[in-house]
There are 2 protein chains.
Amino acid sequence: MKLSKQFPLNALRVFEAVARHGSFTKAGDELGMTQTAVSYQVKLLEENIGEPLFLRRPRHIALTDAGERLAPKVTEAFAMLHEAVATVRGASEETLLIHSTPTFASQWMARRLGSFHLRHPATAVRLITSDTLIDFARESADIAIRSGKGNWPGLTCHRLMTIDFTPMLSPQLVASSGGINHPRDLLKLRLIDAGDPWWATWFEAAGVADPDLAGRPRSRLGAQSFEASAAIAGQGVAILTPEFYRDDLAAGRLVQPFPLVCRDDDWDYWLAYPENRRNVPKIKAFRNWILEEMNDGGTGA
Amino acid sequence: MKLSKQFPLNALRVFEAVARHGSFTKAGDELGMTQTAVSYQVKLLEENIGEPLFLRRPRHIALTDAGERLAPKVTEAFAMLHEAVATVRGASEETLLIHSTPTFASQWMARRLGSFHLRHPATAVRLITSDTLIDFARESADIAIRSGKGNWPGLTCHRLMTIDFTPMLSPQLVASSGGINHPRDLLKLRLIDAGDPWWATWFEAAGVADPDLAGRPRSRLGAQSFEASAAIAGQGVAILTPEFYRDDLAAGRLVQPFPLVCRDDDWDYWLAYPENRRNVPKIKAFRNWILEEMNDGGTGA
DNA sequence: TGGATGCATAAAGAGAACTTATCCATGAAG
DNA sequence: CTTCATGGATAAGTTCTCTTTATGCATCCA
């Protein structure tokens, strides 16, 4: 059976408006429908309840006893319903739930979120980090920042940055190693996670043949930021994304010995969110903000 | 714009059921619809609110924060709505509003309503008398008892009784007049409301030619029961409906001198109510009761 | 008396809501 | 480790609610 037959909700809403206005026509105006439709719905409700709700007098209508009894409760119930929905709609604007990779979160987001807060003071941000590719259908999340190819089905994706990489090490290590003048010199040092395929790519681009990476110790730390910490501590050379370590480079905690920067064509950083939520205000707000930030950052603002 | 677009009431109801059951399928069962329809409605609501309400996990679903916030209020609001409607539906059973002609009300209904109460103790009866033909659209009324032809548009009508009439007078008047042996003898007495067309009809049927009614004093008392009172008081002969004065005849307050009873073919008593309310329980109950009473009365139970 | 107001009714069209059929993923069971 | 059962998503098609337009009727007002 049709839902509306069992319990005529729409008719009740129309009834409520009519009771409030004391007029079919005015209620129709409020609800954006014709007087005819209002008449139809009221009749429907009256038939469902089995009791006339209005007395049709010449130039005005009046509630019957039954209508008089029904109206206030219905008004209250609808008010409650409206308030509940409005609350959720409103509250959903208040919190933005971001899932991000740990590296991006710590190296990029953490230090820039302040500017988002400044622009959108009413929106609280919860930043959750995980390496797994979250599923929007199963996890509570508004947007995700992921690395990958940006072709996830059902998601709208914006490329945030390409993942560049180049060797970095601490200035102290440069000094103690007697100077790094040629890419080949790096091989004299410990490579933090020599198993990282980025090394092979970079050495090849640098024209260093046969760096013998396979024989070196591998110590996958799991996250780029850990490798960076190790490099800053002078424990070796790490291959890092310069975008993430601009501050450390500027502060002299790290140096980038060669301008050669490689790019992983298959793995970029993406902003992603469900296609059908592209117009949710808080998502729109964040998208605009982060894309602007990315451009400013690239041009050095 | 469609009403359901502005504020998806049906979707909210579906959401409420799903939240309660924690399952699309079970909610569908409760609402008498398929799982598919439930899925559709939930998606609709989610799109309207701009926020997912459920997390679709493999074998079960869970409310999101937003859903968690929404559910209890929605449940409460719908409970209120249901209760309000149930109350009106119920209360409408409690009171039966009858409009009746004064004569029928006082001479027939008043002394028989007790038996209706006995059979339907939960239904209170309000008996309102008026001579005007009430309009169900303008007056609060469940049923009406009218005299007429029973062909009112929009109303279902049941013939209650034909309107018979025959002269009646008090036994004292019979005695003081020296006996009433022939219809012509009535003309020796005062005719209460000689202008009543019933007299002409009756005398004609009785074979009394030219009773010269026009020359007699006319005193329309307005209601048959007043004429009856006058007759009982010995003030003359009234032409009355015997059905209404069975008690008075039995008690000897009135006598019916001749068995000749005429019938007004154009004016019967009818039970009438709006066609579309024929299945309202209290109306059904009253209809059944009064029709039975009529039959019993006719056969003398 | 003629015009304005307010609701009812009829007919027809739009589109929402529901169903059937099918698919996919997960968890449980043999 | 298949196979089955469960629970939901999706696609396509259909039904029928709801709405609108057009019209009528009654009342009130000038």
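Throughout, protein chains are lettered first and strands after them, A, B, ... in sequence-line order, and every chain is numbered starting at 1.
Comparing the end axes of the helix from C/dT1-D/dA30 to C/dG30-D/dC1, each fitted to five base pairs by superposing C1' atoms of four pairs onto the next four, gives an inter-axis angle of 20° (nearest 10 degrees).
Scanning for side-chain hydrogen bond (donor to acceptor under 3.5 Å, both in side chains) contacts around B/Thr34 gives an empty result, with sequence neighbours left out. Judged as a salt bridge (Lys or Arg N to Asp or Glu O under 4.0 Å), and not counting sequence neighbours, the contacts of A/Arg56 are A/Glu46. Scanning for salt bridge (Lys or Arg N to Asp or Glu O under 4.0 Å) contacts around A/Glu83 gives B/Lys73, with sequence neighbours left out.
Note on ring orientation: taking the six-membered ring where Trp is involved, the planes of A/Phe54 and A/Phe15 are tilted (angle from 30° to 60°). A/Phe116 and A/Trp289 have perpendicular rings, their planes meeting at more than 60° on a 0 to 90° scale where under 30° would count as parallel.
Atom CE of B/Met33 is separated from atom C1' of D/dC16 by 15 Å (rounded to the nearest Å). Rounded to a whole Å, the CZ atom of A/Phe24 is 19 Å from the P atom of C/dT5. Straight-line distance from the CG atom of A/Leu45 to the C1' atom of D/dC18: 15 Å, rounded to whole Å. When the P atom of C/dG6 is taken as reference, atom NE2 of A/His21 falls 13 Å away, rounded to whole Å. Taking atom CG of A/Leu44 as the reference point, atom P of D/dT17 lies 9 Å away to the nearest angstrom. When rounded to the nearest whole Å, the span between CZ of B/Phe15 and C1' of D/dG8 equals 17 Å. We find that CG of B/Asp29 is positioned 11 Å from P of D/dG8, with the value rounded to whole Å. As a whole-Å value, the separation of A/Glu46 CD from C/dA8 C1' is 12 Å.
Not a single donor-acceptor pair under 3.5 Å links the side chain of B/Asp264 to the backbone N or O of B/Ile163.
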Could you go through nucleotides 20-25 of chain C and list every protein N or O atom that sits under 3.5 Å from one of its N or O atoms, giving the distance for each pair?
from   : atom 1 : to      : atom 2 : distance (Å)
C/dT20 : O4     : B/Thr36 : OG1    : 3.4

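For B/Lys26 and D/dG7, the shortest distance from a side-chain N or O to OP1 or OP2 is not below 4.0 Å. The side chain of B/Arg56 contributes an N or O atom lying less than 4.0 Å from OP1 or OP2 of D/dA9.
Within the structure, the salt bridge (charged side-chain N to carboxylate O under 4.0 Å, His left out) test picks out the following pairs touching residues 18-28 of chain B (sequence neighbours left out): B/Glu16-B/Arg20, B/Arg20-B/Glu30.
Picking from C/dA8, D/dC18, C/dT19 the nucleotide with the shortest atom distance to the side chain of A/Tyr40 gives D/dC18. Closest to the side chain of A/Thr25, from the set C/dT9, C/dC7, D/dG8, is C/dC7. For A/Gln41, the side-chain atoms get nearest to D/dC18 when compared with the rest of D/dC18, C/dC18, D/dT10. Taking only side-chain atoms of B/Ser39, from C-beta outward, the nucleotide of C/dA8, D/dT20, D/dA9 with the closest atom is D/dA9.
The ring pair (Phe, Tyr, Trp, His ring centres under 6.0 Å) with A/His158 is formed by just one residue from the set A/Tyr273, A/Trp270, A/Phe286, A/Tyr269; it is A/Tyr273.
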Quiz item: Given the rule in the side chain to side chain contact (heavy atoms under 4.5 Å, CB included) test, do A/Arg89 and B/Glu51 qualify, once you have shown the distances and angles that lead to the verdict?
Solution: CA-CA 8 Å; A/Arg89 263 204 264 258; B/Glu51 192 80 3; over 6 Å; no
